[in-house]
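Just below is one structure, and these are the notes that go with it.
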Number of protein chains: 2
Amino acid sequence: MERGRGALGPALELVHTGRAPTRAVLTAELGVTRATAGAVAAELEALGLIQVDARPGAAAGSQGRPSHRLAIAPGGPVVLAAQIHADGFRAALVGLGGRMIATAPGCMTVPADPSHIIDAVVEAGAGLLRATGRRCLGAGLAVPSAVAEPEGTALNPLHLSWPAGAPVRTLFTEALAKAGVPGAGSAPATGVTGNDVNLAALAEHRHGAGRGAEHLLCVATGHRGVGGALVLDGRLHTGSSGLALEVGHLTVNPAGMPCHCGSRGCLDVEADPLAFLTAAGRAPGPEVSLLQQSRELLRTEYADPSVRAAAELLIDRLGLGLAGLVNILNPDRVILGGLHRELLDADPERLRAVVADRSLWGRSGSVPILPCTLDHNSLIGAAEAAWQPVLDDPLAALD
Amino acid sequence: MERGRGALGPALELVHTGRAPTRAVLTAELGVTRATAGAVAAELEALGLIQVDARPGAAAGSQGRPSHRLAIAPGGPVVLAAQIHADGFRAALVGLGGRMIATAPGCMTVPADPSHIIDAVVEAGAGLLRATGRRCLGAGLAVPSAVAEPEGTALNPLHLSWPAGAPVRTLFTEALAKAGVPGAGSAPATGVTGNDVNLAALAEHRHGAGRGAEHLLCVATGHRGVGGALVLDGRLHTGSSGLALEVGHLTVNPAGMPCHCGSRGCLDVEADPLAFLTAAGRAPGPEVSLLQQSRELLRTEYADPSVRAAAELLIDRLGLGLAGLVNILNPDRVILGGLHRELLDADPERLRAVVADRSLWGRSGSVPILPCTLDHNSLIGAAEAAWQPVLDDPLAALD
DNA sequence: GTATTTTGTTCAGCGTCGGCACAAAGTCAG
DNA sequence: CTGACTTTGTGCCGACGCTGAACAAAATAC
C-alpha cells in the first residue's frame, strides 16, 4: 500500500519531542528518503496527529526551498494524566508534545482509602474531557510510591497512609471505566500507573532538561524519602519487576540516623525534607508538605547560618549518594528534582565537587548535574506513559 | 534477492546461544514463516557458519516429520580471545556457541609495561591460529580493570601495576596487526577490549547460568577489589562511558577499613580475597593470587572456626552490597563469581537471607542468586564481544 | 497400508522502501 | 529583473524481502 508504515512511530516520536521541526529534518533523522518521509508526514497528518504547514513564515535564513514545518495538530487527541502527591491530587489533559491542555488541581486531605482519591482524580479528569470535548487515547497516573510490575501495586505509599500493596493500577482502570473515559480503541482506557519520580524522569527526558541524554539519572525528594529513576535510550528502566532505582537505602552517613530498613544513615532519612528541617533546627508544621516548608526556608532564610549549615550538610550527603549511583549507572546526565533541585540551586559548585570527588574516574567525575525544568513533570510523565502505545504504533492505537 | 536477510543476525544468535536446536524451533523463535526460516538457515549454512543435519538420529518422540537439526559448523571460523589476570594470561580460539577450540595458558610475572604482556598474549593466540589454520573473524581482550569508552583505556588496573589510563585497546589492536591476525574483512582485526567481570557476565548470559535472564547482575572478586556487571536484554550495560557497575565503593560496613577512595567500609576492601584472608587471621603469601589462597582456605579449612567466622563476615558484607545493588537495578537473576561464588557455595542460605532482609520489597527479596557455571568465563566473554559484529550482521562481517 | 501430523520446498503475490527524474520555492549574483 | 544555484517536495518504477498457499516428504498412529 502506502509508503512509510514502519517509520510511523519513530516519526511521531520525533515530532512529539521537538526533534523534527521540519520535514527535511525528519528525513535526516529517520534516515529514509524524502519520498518516504513525505509519505510518513502525510499519513500522520491524515491521522489527525500532526499538522504540516507549507508556509513557514520566516524561513531559517539558509538558501534553497524552505522546508515544510511540522507541528502537533492543535485540536488533536489528548490523554488523561493524573497525579497524587502529599498535598493532594491533580488531573490534566495533555496533548502530544507535552502540552498541557487543561488542568484541575484538587487539595484534599488524603484519605486512607486509595480508591476514593483515585476515583476523585479520575472524575476530575473526566470532567475536563467533557468540558473540552477532546478525544482521549489513554490515561496515566503518578503515585509517590514504588509500583510493582506486572501487578501494578503500590508497595510503599508511606506518606499517603495507604496500605502497602494497594492495587493502584486496578483501581485506576476501574475508576476510568466508571467515569467512562475512553481508551485507544473504543473500549474503556486501560490505565498506566507509575512511580512519580520515574514518570518525572520520562517527562524531563522528552521535554525538559534531559533532552538528548542517552543515560539519564534523576533523583528527587518530595515529602519523605528519596526517589530515583533511570531513562535508558529513551525508555524508562524499571527493572525486572518495576522496583529499580529505589535509591533510598544507599548509606551516606555511617554514623547517621536509624532507618526503618534496619540500617542507619540511609539516603532516605539523611537527605529528605524532614532531615533538612531537622538539621536546621526547625520543627515541621502539619499544614503543608515538608517540601514546601523546606523550600520556603531555603529561599527566604539562606543567610541564616543554621539554615546554610543544614543545606551544606544535606548537599554533602546527597553528593555521596549521587556519587554511588554515578559509579553504578555511569549516566551522561543527572537531573535533580524537589528539594534536591533547591539544594543544587543554592550551591551548585559544592554539590558538583562532592560528586566529582567521590565518583571515581574519567568523565564520571564531571557528569553534568542539572535542575529539572518542567512544571508538573510527574503529571507530564504520566501522560508520556499513556502516550507510549500511540508512539509505538500510531495505526494500531487509533484503529 | 534471496529471502531472509533481515533475520539473519537474530537467527545466528539463536543457534549460537542454543535456543534454536532445530529449524522448526527457529521458525517459531523468529516469528516468521517456515519458508523464510528455511532460507535463513540455508544462507547461514552457505556462509559456513552453521550446519543443517537432515538426519537427526533419534527424533524427540513426538509425531510428525522430524525437524532438521541446527548446529554450529564444526570447522567454521573462530575469534581470538585473550585474558590478562593476576596469575598471568591466557589466549584461546573460540568458535560460535562458546566452544573453546584451542587454548594457550601463560604464567608470567606481569611486567609493568602493558604492551609486553599484550604482545605476548596476542602472539600466543596467533600461534594457535597458525597451528589450527582456522579462519579468524575478530579478537577480544579481557582485563581486570574498568575500561573507559570510547577511548579504550584501562582506568584502574590496580593489581597489574600498570599505569592508570593505559590505552589497552590501541595496544591490543597494534599487537593484532603486528602478529598478522586477520579481522572481519581482510583487513587486520580491530580488537575489542573490556573489563573481565563485564565480559564474564556476557558469557554467562549467553552460555552459562544467566541464560534467559532479562536483567542479569553479576558480581565477582578476583585478586583485589570487587567488580560488577549488568546485562540488559542481552546487551552489556556499560554506561555512557564504559564505567557502569563500578560497585566497589558501596558502603557495606560503616565502621570498616579506610578505602583509597576516601571513604571507609567500601565493598572493595571489605569483601575481596584480602579482606577474607585478613579476617581469618592468615597472612597472604606472594606466590599465587589471593583468590587461589582464599579458595584453598575456604575449601580445606572451613571447619576451622576462624575461617568459618571470616566467611560469614564476608557473606554478611557481600549481602549488604548485593542488596543495595538489587534495590537500584532490580535484576531478575544474580550470578556470583570468583571468591563470591565460593562464599555462596559455602553457605547459600545465609547469603540469600541477608539479601532478602535488606532488599526491600516484592520479588526483589527473593531474586535468585546463583554461582557462575562457565570455566574461563571472562575468556569466553571476550570471544562473545568479538563475535558481536558477526551476530549483528553476518553478511557484512563475512563479506 | 492408510490416515494423520508435522516439517521442508517451491512459487506467486505484494507491501514497503530506495533511486531517479522532475517540479517547486526560495536565495544569490549581476 | 533575470538567470543560476540550492534545497525541498512529489510521482513513478523497480527491487528486496517477506507472507501465504499449495505441494512434497518423513515420521507416527491405527
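Only this structure's heavy atoms are used, side chains among them; waters, hydrogens and symmetry mates stay out. As the structure is a computational prediction, the values presented were derived from the model and not from experiment. Chain naming here is simple, since letters A, B, ... match the order of the sequence lines and numbering starts at 1 in each.
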- Where do Val94(B) and Arg99(B) land on the side chain to side chain contact (heavy atoms under 4.5 Å, CB included) test, with the steps shown first? CA-CA 6 Å; Val94(B) 181; Arg99(B) 271 230 316 258; 5.8 Å; no
Sugar-phosphate only, base, or nothing, as touched by [X] at under 4.0 Å among non-hydrogen atoms:
X: Ala24(B); result: sugar-phosphate
X: Ala7(B); result: sugar-phosphate
X: Gly38(A); result: nothing

Report yes if at least one side-chain N or O of [X] is closer than 4.0 Å to OP1 or OP2 of [N]; otherwise report no.
X: Ser67(A); N: dG9(D); value: yes
X: Thr33(B); N: dT19(D); value: yes
X: Thr36(A); N: dT16(C); value: no
X: Thr27(B); N: dT7(C); value: no

Protein-nucleotide distance ([X], atom [atom1]; [N], atom [atom2]), rounded to Å:
X: Leu8(B); N: dC16(D); atom1: CG; atom2: C1'; result: 14 Å
X: Arg69(A); N: dA25(C); atom1: CZ; atom2: P; result: 17 Å
X: Gln63(B); N: dT28(D); atom1: CD; atom2: P; result: 10 Å
X: Glu45(B); N: dT9(C); atom1: CD; atom2: C1'; result: 15 Å
X: His68(A); N: dG26(C); atom1: NE2; atom2: C1'; result: 11 Å
X: Leu26(B); N: dT7(C); atom1: CG; atom2: C1'; result: 13 Å

- Starting at the 5' end of DNA chain D and moving along, which residue's nearest nucleotide shows up first, Arg23(A) or Gly64(A)? Gly64(A)
Given [options], identify the nucleotide with an atom nearest to the side chain of [X].
X: Val32(B); options: dG17(D), dG11(D), dT19(D); result: dT19(D)
X: Arg34(A); options: dA25(C), dA26(D), dA21(C); result: dA21(C)
X: Ala35(B); options: dG20(D), dG8(C), dA21(C); result: dG20(D)
X: Arg65(A); options: dG18(C), dA23(C), dG8(C); result: dA23(C)

- Query: Backbone N or O of Ala209(B) within a donor-acceptor pair of the Glu204(B) side chain at under 3.5 Å?
  - Reply: yes
- Query: Under 3.5 Å, side chain of Arg333(B) to main-chain N/O of Arg211(B), donor-acceptor pair present?
  - Reply: yes
- Task: Report yes if a donor N or O on one partner sits less than 3.5 Å from an acceptor N or O on the other, where the partners are the side chain of Arg3(A) and the base of dG18(C); otherwise report no.
- Result: yes
- Hey, which of Leu202(B), Leu232(B), Ile335(B) is the one that makes side-chain contact (heavy atoms from CB on, under 4.5 Å) with Leu216(B)? Ile335(B)
- Task: Carefully, step by step, assess Asn330(A) and Thr238(B) under the rule side-chain hydrogen bond (donor to acceptor under 3.5 Å, both in side chains).
- Result: CA-CA 8 Å; Asn330(A) 188 215; Thr238(B) 55; over 6 Å; no
